[in-house]
Asks: 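One structure, as structure tokens, below. Some questions next.
Because the structure is predicted, anything quoted here is derived from the model rather than measured.
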Amino acid sequence: MRKKIVAGNWKMNKTAEEALILASEVANMVKDEVSTDVTVVIASPSLYLSTLTKYAEPVVNLGISAQNCHQKASGAYTGEISAPMLKSIGVEYVILGHSERRQYFGETNEQLAEKVNISLENGLTPIFCCGESLEQRNAPGYLEFVASQLTDSLFHLSVEDFGKVVIAYEPIWAIGTGVTASSEQAQEMHAFLRAHIATKYGQEVADNTSILYGGSCNEKNAPELFAREDIDGGLIGGASLKSREFVNIAKSF
């Protein structure tokens with residue numbers, strides 16, 4: 001059975017003091033309220049990761065994620081953070097290919113394939129993001145466009161390594177545009193991506209791949225989204241900055 005996951009991407013938010021308060025609240029709530037068949041993940045700014053791993057350590061179903069990593073293990077890349085560095089401080093997950101990284105930093109599918117490789121080599125679980133813009137959504141072939149992101153960045157992996165990857169679908173067209181994605185639209189893409197995975201790795205691998213939804217998920221729409229057959233959780237943005245709402249989302253299954 002594929003894993004249920006709710007991951008909170010804090011993005012570039014929270015001071016050190018605010019981060020400790022939020023992480024402490026989430027850790028205590030998860031420990032007391034969330035069943036062990038749901039994994040909760042906090043993706044904080046890199047500055048806080050070392051400290052936050054200590055909050056997660058005693059909570060069985062709580063993990064810590066980086067929001068990015070460099071594609072090289074080390075070198076003259078000022079300001080960057082490597083996968084070995086993340087692993088050395090107890091980080092378990094890393095978000096790769098987020099739409100903001102693609103848009104603002106020009107990350108390509110080929111570059112992300114390298115990041116996936118280095119993450120897996122260092123025992124990190126990639127949360128690989130894919131999705132389409134409003135322009136792409138309104139053009140023919142939007143399903144195939146998103147599938148191509150998986151093909152170009154993930155389909156070089158062995159069956160064993162692909163089985164370690166979590167997918168997160170972000171309908172970019174429904175984030176900050178005033179357009180809302182329905183649970184039917186989300187399910188359509190998730191089912192299509194699962195079928196696409198099956199063409200490469202077989203149905204069993206596809207059925208065991210966790211595919212998260214990352215389009216403005218909140219405590220109100222999470223129950224309907226998570227009830228869909230092919231939606232295995234969420235990659236949560238703004239709602240993850242509020243401990244009560246974030247944990248309520250995790251309890252929506």
Side-chain angles (χ1 to χ4, degrees), residues 1-7 37-39 41 63 65 92-99 102 107-121 123-133 136-174 181-215 217 222-236 252-253:
M1 181 179 293
R2 55 186 180 260
K3 185 180 291 186
K4 301 173 184 177
I5 301 170
V6 172
D37 66 342
V38 179
T39 298
V41 178
S65 175
E92 299 175 70
Y93 299 82
V94 58
I95 298 173
L96 298 176
H98 191 279
S99 59
R102 294 176 187 264
E107 292 189 350
T108 65
N109 291 340
E110 293 73 24
Q111 185 180 22
L112 291 169
E114 294 183 71
K115 292 190 176 192
V116 168
N117 291 344
I118 197 75
S119 298
L120 290 170
E121 288 169 12
L124 299 173
T125 298
I127 301 176
F128 180 82
C129 300
C130 57
E132 79 280 29
S133 67
Q136 290 156 343
R137 178 76 183 189
N138 291 331
Y142 67 88
L143 291 167
E144 290 76 13
F145 172 81
V146 179
S148 71
Q149 295 175 324
L150 271 62
T151 300
D152 293 348
S153 298
L154 300 178
F155 277 14
H156 65 285
L157 297 173
S158 67
V159 172
E160 180 181 1
D161 280 344
F162 185 86
K164 301 172 185 176
V165 177
V166 175
I167 309 296
Y169 166 59
E170 301 179 279
I172 307 167
W173 53 274
S182 67
S183 63
E184 290 83 0
Q185 290 171 316
Q187 167 61 21
E188 175 195 38
M189 182 63 78
H190 281 237
F192 183 84
L193 293 177
R194 200 175 303 284
H196 183 60
I197 293 167
T199 64
K200 171 68 176 179
Y201 293 103
Q203 196 61 52
E204 182 178 357
V205 172
D207 287 341
N208 286 313
T209 300
S210 294
I211 306 179
L212 314 183
Y213 177 72
C217 184
E224 181 181 354
L225 287 164
F226 295 174
R228 292 287 176 171
E229 180 180 358
D230 290 290
I231 300 178
D232 305 309
L235 178 59
I236 316 301
S252 295
F253 288 98

Asks: What pairs with Arg102 under side chain to side chain donor-acceptor pair (under 3.5 Å), at least two apart in sequence or on another chain?
Replies: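 Applying side chain to side chain donor-acceptor pair (under 3.5 Å) to Arg102 gives Asn109.
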Asks: In Å and rounded to the nearest 0.5 Å, what is the OH to CZ distance from Tyr142 to Phe192?
Replies: 9.5 Å
Asks: To the nearest 0.5 Å, what is the distance between CD1 on Ile167 and NE2 on His190?
Replies: 10.5 Å
Asks: Output the distance between atom CG (Leu193) and atom SG (Cys130), rounded to the nearest 0.5 Å.
Replies: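 Going from the CG atom of Leu193 to the SG atom of Cys130 covers 5.0 Å.
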Asks: Could you state the interatomic distance from CG (Leu150) to CG (Leu157), rounded to the nearest 0.5 Å?
Replies: 10.0 Å
Asks: Whether the side chain of Glu107 engages the backbone of Leu112 through a donor-acceptor N/O pair (distance < 3.5 Å, no angle test) should be reported.
Replies: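 Checking the backbone N and O of Leu112 against the side chain of Glu107, no donor-acceptor pair under 3.5 Å is found.
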Asks: Could you tell me whether Tyr201 and Phe155 have their ring centroids closer than 6.0 angstrom?
Replies: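 Centroid distance Tyr201-Phe155: below 6.0 Å, so yes.
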Asks: So, Arg194 side chain and Ala206 main chain: donor-acceptor pair closer than 3.5 Å or not?
Replies: yes
Asks: When you measure from the side chain of Arg228 to the backbone N and O of Ala186, does any donor-acceptor pair fall under 3.5 Å?
Replies: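 Not at all, since once roles are kept as given, no pair shorter than 3.5 Å links the two residues.
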Asks: Kindly determine whether Lys4 and Asp232 satisfy salt bridge (Lys or Arg N to Asp or Glu O under 4.0 Å), including the steps that lead there.
Replies: CA-CA 5 Å; Lys4 301 173 184 177; Asp232 305 309; over 6 Å; no
Asks: Taking all heavy atoms of Ala198 and all of Gln203, pick out the closest pair and write down the distance.
Replies: CB-OE1, 3.5 Å
Asks: Only counting residues at least two apart or in another chain, list the ones meeting side chain to side chain donor-acceptor pair (under 3.5 Å) with Glu224.
Replies: Ser183
Asks: For Trp173, is there any backbone N or O sitting under 3.5 Å from a side-chain donor or acceptor partner on Ser133?
Replies: no
Asks: Mark yes or no for whether Thr108, through its side chain, and Gln111, through its backbone, hold a donor-acceptor pair below 3.5 Å.
Replies: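 Looks like yes, one N/O pair under 3.5 Å.
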Asks: So, Tyr169 versus Glu132: side-chain donor-acceptor pair below 3.5 Å or not?
Replies: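 Yes - a donor-acceptor pair under 3.5 Å links their side chains.
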Asks: For residues Ile5 and Val166, determine if any side-chain heavy atom of one lies less than 4.5 Å from a side-chain heavy atom of the other.
Replies: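 Contact flag for Ile5/Val166 side chains = yes.
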